[in-house]
Number of protein chains: 2
Amino acid sequence: MLTAIASASLERELKAILGPDAVLPGTTRAYLSDATESRNLTGKADAIALPTTAEQAAQTVAWCYEHDVPITPRGGGTGFTGGAVPTDGGVVLGLERLNQLRHLDPGLWRAAAEAGMITSDLRRRARENGLFYPPDPGSAEQSHLGGNIATNAGGPHAFKYGVTGAWITGLEVVLAPGELVKLGGAIRKDVAGYDLKSLLIGSEGTLGIVTAAWVKLIPAPEAALPLAAVYSDARTGCAAIEAALSSGTIPAALEYLDAGAVRATRGAFPVEIPDAASFMVIADADGTAEEAAKSHDELQQALGEDALLIHAPTQNKDINALWRWRDGASLAVTAQRGGKVSEDIVVPVDRLREAIEQTVEIGRRHDPRTCSWGHAGDGNLHSTFMIDRDDPGELHRAEQAAQELFALAVELGGSISGEHGVGLVKNGQLARQWAPEAIAMHVAIKRAFDPKGLLNPGKKLART
Amino acid sequence: MLTAIASASLERELKAILGPDAVLPGTTRAYLSDATESRNLTGKADAIALPTTAEQAAQTVAWCYEHDVPITPRGGGTGFTGGAVPTDGGVVLGLERLNQLRHLDPGLWRAAAEAGMITSDLRRRARENGLFYPPDPGSAEQSHLGGNIATNAGGPHAFKYGVTGAWITGLEVVLAPGELVKLGGAIRKDVAGYDLKSLLIGSEGTLGIVTAAWVKLIPAPEAALPLAAVYSDARTGCAAIEAALSSGTIPAALEYLDAGAVRATRGAFPVEIPDAASFMVIADADGTAEEAAKSHDELQQALGEDALLIHAPTQNKDINALWRWRDGASLAVTAQRGGKVSEDIVVPVDRLREAIEQTVEIGRRHDPRTCSWGHAGDGNLHSTFMIDRDDPGELHRAEQAAQELFALAVELGGSISGEHGVGLVKNGQLARQWAPEAIAMHVAIKRAFDPKGLLNPGKKLART
């Protein structure tokens with residue numbers, strides 16, 4: 001942090017670059033935290049910079065880099081790891097005004113959008129033109145494309161369609177010490193250089209700051225028919241998930257909720273669920289109308305065998321109700337005890353049941369109540385410890401439990417994070433998962449891209 | 001190159017690590033060149049090492065790294081850029097004996113295979129289990145999975161399914177100075193660290209040597225129905241390609257041949273083609289039987305409007321004949337004059353027509369006869385100068401023409417390479433395409449991964 005005088009001078013300098021309306025005081029609370037729940041992560045900044053053009057963003061980075069001022073990039077602030085929390089003071093570089101759809105070429109299946117564009121706006125604009133931008137992270141109504149790129153965000157439909165990175169064909173990015181650079185573009189293949197684009201995607205603003213992206217689109221599926229099946233336990237439910245995979249059809253999404261998550265959400269479920277229900281699988285079937293119907297039948301058969309109940313809505317309003325309920329699962333879990341510590345481990349899909357059961361076991365050992373739900377087909381759990389957010393002891397125990405969860409993920413051949421990234425809260429955890437030589441490359445890459453260590457400092461650290 | 005005595009001692013040392021049968025003399029010609037046509041690229045090596053395990057591969061790299069011996073990794077030797085040609089002597093590390101399918105889990109849509117596995121063997125093994133490994137590079141019958149990963153190989157069906165990297169969930173790789181490291185695995189999502197996996201994919205063995213990979217699979221499409229449409233010129237044909245994109249269906253492949261390529265291949269086409277035919281589009285429709293049929297109809301309608309002829313085989317033998325003919329296109333072009341210089345530029349798909357026409361223009365200026373064909377939907381041309389391979393003047397003129405081709409690709413917002421990579425023949429071309437700051441990162445990454453510059457030295461150079 002700077003002194004108050006230095007801070008005022010920094011604000012003045014940034015206003016000279018960006019204009020008086022584009023710089024807010026560093027104390028503006030809305031820019032100091034993200035959606036990391038129950039962990040009271042609030043940072044400190046000397047100024048908030050809100051550029052309206054990529055060139056202004058580059059100029060801001062250049063000025064900061066020259067003056068050794070840390071830069072914390074910020075998208076929609078919906079992250080779960082403290083990735084957008086400014087820890088060292090300096091400038092929060094908010095990209096919300098860089099929100100233009102620069103191009104949309106429906107006949108060519110592509111668009112170019114600025115980093116601050118809200119994910120659901122991009123999805124909607126594509127839809128209006130008969131096209132589909134598949135990534136659907138949970139917070140799509142608030143999250144930005146740039147933030148999705150920074151964490152390589154997933155979502156339910158990543159199972160069939162892949163995560164954000166699968167749809168990005170080019171990046172416009174500010175590299176240190178403040179140059180606006182283009183990697184890729186409106187092209188669908190490129191092996192000319194090392195894949196810096198993919199290296200930037202998921203780097204959480206620690207290697208460069210994305211200002212815009214070129215995205216691939218596809219013709220929108222004509223129909224999407226979800227179904228939800230409930231089971232008496234995780235064993236039966238996980239067997240049903242494997243049956244769905246063996247059915248020969250490709251579900252667009254394949255989600256699950258464990259006993260605790262079913263308990264937290266059953267009251268709001270669109271239809272009544274049997275008391276014995278302790279596990280739920282949600283699958284989505286999409287494609288042409290015929291294809292979706294056929295896939296839906298196949299999934300219904302595969303998931304139905306040992307189900308206590310199948311809810312397979314066919315009317316749009318009922319389909320929307322089911323997804324609205326699914327979108328509300330995270331909040332419903334929070335509501336149980338007022339707070340939660342929720343991690344996003346990944347395991348090979350055949351270890352899903354073990355991961356679900358061990359999540360509960362770990363919670364039991366450390367006391368907090370536990371549940372999980374998530375992207376079953378991708379082996380991606382939201383393993384969650386429900387806590388009273390005003391009780392520091394509970395938070396502490398949940399954080400200890402999270403450590404065991406990370407160890408579990410690695411032990412099962414998985415990853416400590418499938419969607420949320422590392423941010424602040426998982427710093428150093430990568431060493432569980434990667435060999436020292438790979439960790440050394442992680443550190444060397446950071447040093448090459450950000451020799452002064454000013455780009456989102458203190459985040460995504462391979463070592464602590 | 002070492003002296004003869006040093007070379008003999010190197011062979012002895014490697015035999016001590018790998019066994020007497022796993023080391024061949026450096027003069028073994030089959031290991032000194034690749035499929036780069038008409039350029040007489042033959043290298044020199046001191047020894048050929050053929051490990052049978054990943055650990056042996058790591059030991060070989062460790063020994064070489066300690067003794068400052070260059071290592072040129074080699075897959076199927078089907079590359080088009082000299083990427084597998086040993087230029088500095090040292091050891092050719094052939095991965096052909098590392099060819100095991102380590103796992104195939106049909107119910108879980110995944111496999112793990114060693115680098116030396118032949119691409120078509122992996123495709124076949126998946127198929128036998130009802131699954132599909134989509135990448136289909138032109139030389140799939142000879143190329144290796146490891147080589148496909150080294151170049152991030154594409155193929156016709158990359159249009160719908162993406163290139164090799166889209167199917168790789170994990171790598172086992174030897175990093176300098178000789179450590180066997182795992183990045184990712186049998187998991188479908190991972191944002192724990194920087195995306196080193198994607199950085200390694202397409203790095204042409206210059207950052208590390210891939211020994212095995214975990215791959216994603218999907219249920220095999222029930223049916224695939226191709227069709228070929230011929231047009232009087234590139235203008236009409238490219239308009240038909242855009243009409244196909246606007247039809248609302250997703251072709252599995254969308255290929256083209258220009259006038260010269262049609263001329264070179266028409267004799268072998270399964271049915272008679274009108275004399276006026278100077279452009280061809282091939283599309284493939286796949287999915288369930290109903291879906292493939294519907295998509296096929298839609299493509300036929302979109303491509304048919306201005307076509308001189310549509311050939312839409314429905315019997316397996318006729319479908320196979322069409323693809324066999326397509327697979328032979330490259331050889332048929334070579335046969336025209338005995339040799340060719342063929343590049344693989346990429347452009348945004350709306351610049352395809354311009355790139356096709358300019359390819360011919362460039363050829364005209366430099367004299368060699370010219371044609372192009374390739375992956376229309378991906379904007380990926382195989383722009384080809386047909387030459388007499390025994391005439392050094394023609395080769396020289398073709399290489400000059402290739403320089404203009406690279407400039408054209410960049411001018412049109414594209415890339416100098418979509419499939420083949422840089423190897424030897426495109427060294428330094430990246431500077432046309434990337435800003436100096438990005439080039440600097442390319443160089444810094446190479447230095448971090450390979451401080452001694454021994455991993456496939458002289459290849460994929462951003463600067464020369």
Side-chain angles (χ1 to χ4, degrees), chain A residues 107-109 151-152 154 163 166 175 179 181 183 185-196 198-199 201-203 218-219 242 245-246 248 250 287-288 290-291 294 346 348-350 378-380 413-419 421-422 430 433-435 437-438 441-442 444-445 448-449 462, chain B residues 107-109 151-152 154 163 166 175 179 181 183 185-196 198-199 201-203 218-219 242 245-246 248 250 287-288 290-291 294 346 348-350 378-380 413-419 421-422 430 433-435 437-438 441-442 444-445 448-449 462:
Chain A
L108 303 169
W109 302 9
T151 57
N152 203 3
V163 292
L175 296 184
E179 293 295 327
V181 162
L183 298 167
I187 52 174
R188 297 170 55 98
K189 286 163 104 175
D190 186 6
V191 290
Y194 295 144
D195 191 356
L196 297 196
S198 293
L199 193 63
I201 294 171
S203 71
I218 47 172
E242 295 203 16
L245 292 177
S246 293
I250 304 178
T288 60
E290 302 83 357
E291 190 195 354
K294 188 179 175 198
V346 183
V349 69
D350 49 322
D378 280 330
N380 187 188
S415 171
I416 58 162
S417 181
E419 299 194 323
V422 173
L430 186 65
Q433 189 172 327
W434 278 14
E437 294 76 17
M441 290 307 102
H442 195 284
I445 285 168
F449 277 81
Chain B
L108 303 169
W109 302 8
T151 57
N152 204 3
V163 292
L175 296 183
E179 293 295 328
V181 161
L183 298 166
I187 51 175
R188 296 170 56 99
K189 289 162 102 176
D190 185 7
V191 290
Y194 296 143
D195 191 355
L196 297 197
S198 294
L199 193 63
I201 294 170
S203 70
I218 47 172
E242 295 203 14
L245 293 177
S246 293
I250 304 177
T288 59
E290 301 83 358
E291 190 194 357
K294 187 179 177 200
V346 183
V349 68
D350 49 323
D378 281 330
N380 187 187
S415 171
I416 57 161
S417 181
E419 298 193 324
V422 173
L430 186 64
Q433 189 173 326
W434 279 12
E437 295 76 15
M441 290 307 102
H442 195 283
I445 286 168
F449 277 80

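Below, chains carry the letters A, B, ... as their sequence lines are ordered, and counting in each starts from 1.
- Considering only heavy-atom pairs separated by less than 4.5 Å from chain A, the leading option among B:Ile201, B:Val422, B:Leu196, B:Ile218 is B:Leu196.
- At a 4.5 Å heavy-atom cutoff, the contact between A:Glu437 and chain B is made by backbone and side-chain atoms alike.
- For B:Ile250, the parts lying under 4.5 angstrom from a heavy atom of chain A are both the backbone and the side chain.
- Contact count against chain A (heavy-atom pairs under 4.5 Å) is highest for B:Pro348 among B:Ser246, B:Ala435, B:Pro348, B:Ala444.
- Neither the backbone nor the side chain of B:Ala462 comes within contact range of chain A; no heavy atoms are under 4.5 Å apart.
- Chain A forms the most heavy-atom pairs under 4.5 Å with one residue out of B:Gly248, B:Gly287, B:Gly193, and that residue is B:Gly193.
- The greatest number of non-hydrogen atom pairs below 4.5 Å with chain B, out of A:Leu183, A:Ile416, A:Thr151, A:Asp350, is found for A:Asp350.
- Scored by the side-chain contact (heavy atoms from CB on, under 4.5 Å) test, B:Asp195 finds A:Ser198, B:Lys197, B:Ser198 as partners (sequence neighbours excluded).
- The shortest heavy-atom contact between B:Trp434 and A:Tyr194 is CH2-O, 3.1 Å.
- Among all heavy-atom pairs drawn from B:Asn380 and A:Lys189, the shortest one is OD1-NZ, 2.8 Å.
- Across all their heavy atoms, A:Ile187 and B:Gly413 have their closest contact at CG2-O, 3.5 Å.
- The side-chain heavy atoms of B:Trp109 and A:Val349, taken from C-beta on, include no pair separated by under 4.5 Å.
- Remark: A:Phe449 pairs with no residue by the ring-ring contact (aromatic ring centres under 6.0 Å, His included) rule, at least two apart or across chains.
- By the 4.5 Å heavy-atom criterion applied to side chains, B:Leu199 and A:Ile445 are counted as neighbours.
- Looking at B:Leu175, the atoms closer than 4.5 Å to chain A (heavy atoms on both sides) all sit in the side chain, from C-beta outward.
- Both the backbone and the side chain of B:Asp378 have a heavy atom closer than 4.5 Å to some heavy atom of chain A.
- Both the backbone and the side chain of B:Ser203 come within contact range of chain A, each with at least one heavy atom under 4.5 Å from a heavy atom of that chain.
- For the options A:Ala192, A:Ala186, A:Ala448, A:Pro219, heavy-atom pairs under 4.5 Å to chain B are most numerous at A:Ala192.
- Proximity to chain A (any heavy atom under 4.5 Å) is restricted, for B:Glu290, to the side chain, taken from C-beta onward.
- Considering all non-hydrogen atoms of both residues, A:Ser415 and B:Val191 come closest at OG-N, 4.5 Å.
- Contact of B:Ala166 with chain A is not made at all, since no heavy-atom distance falls under 4.5 Å.
- For the options B:Ala438, B:Gly154, B:Gly379, B:Gly185, heavy-atom pairs under 4.5 Å to chain A are most numerous at B:Ala438.
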Review point. Could you go step by step and tell me if A:Gln433 and B:Asp190 meet the side chain to side chain contact (heavy atoms under 4.5 Å, CB included) rule?
Key: CA-CA 11 Å; A:Gln433 189 172 327; B:Asp190 185 7; 3.4 Å; yes
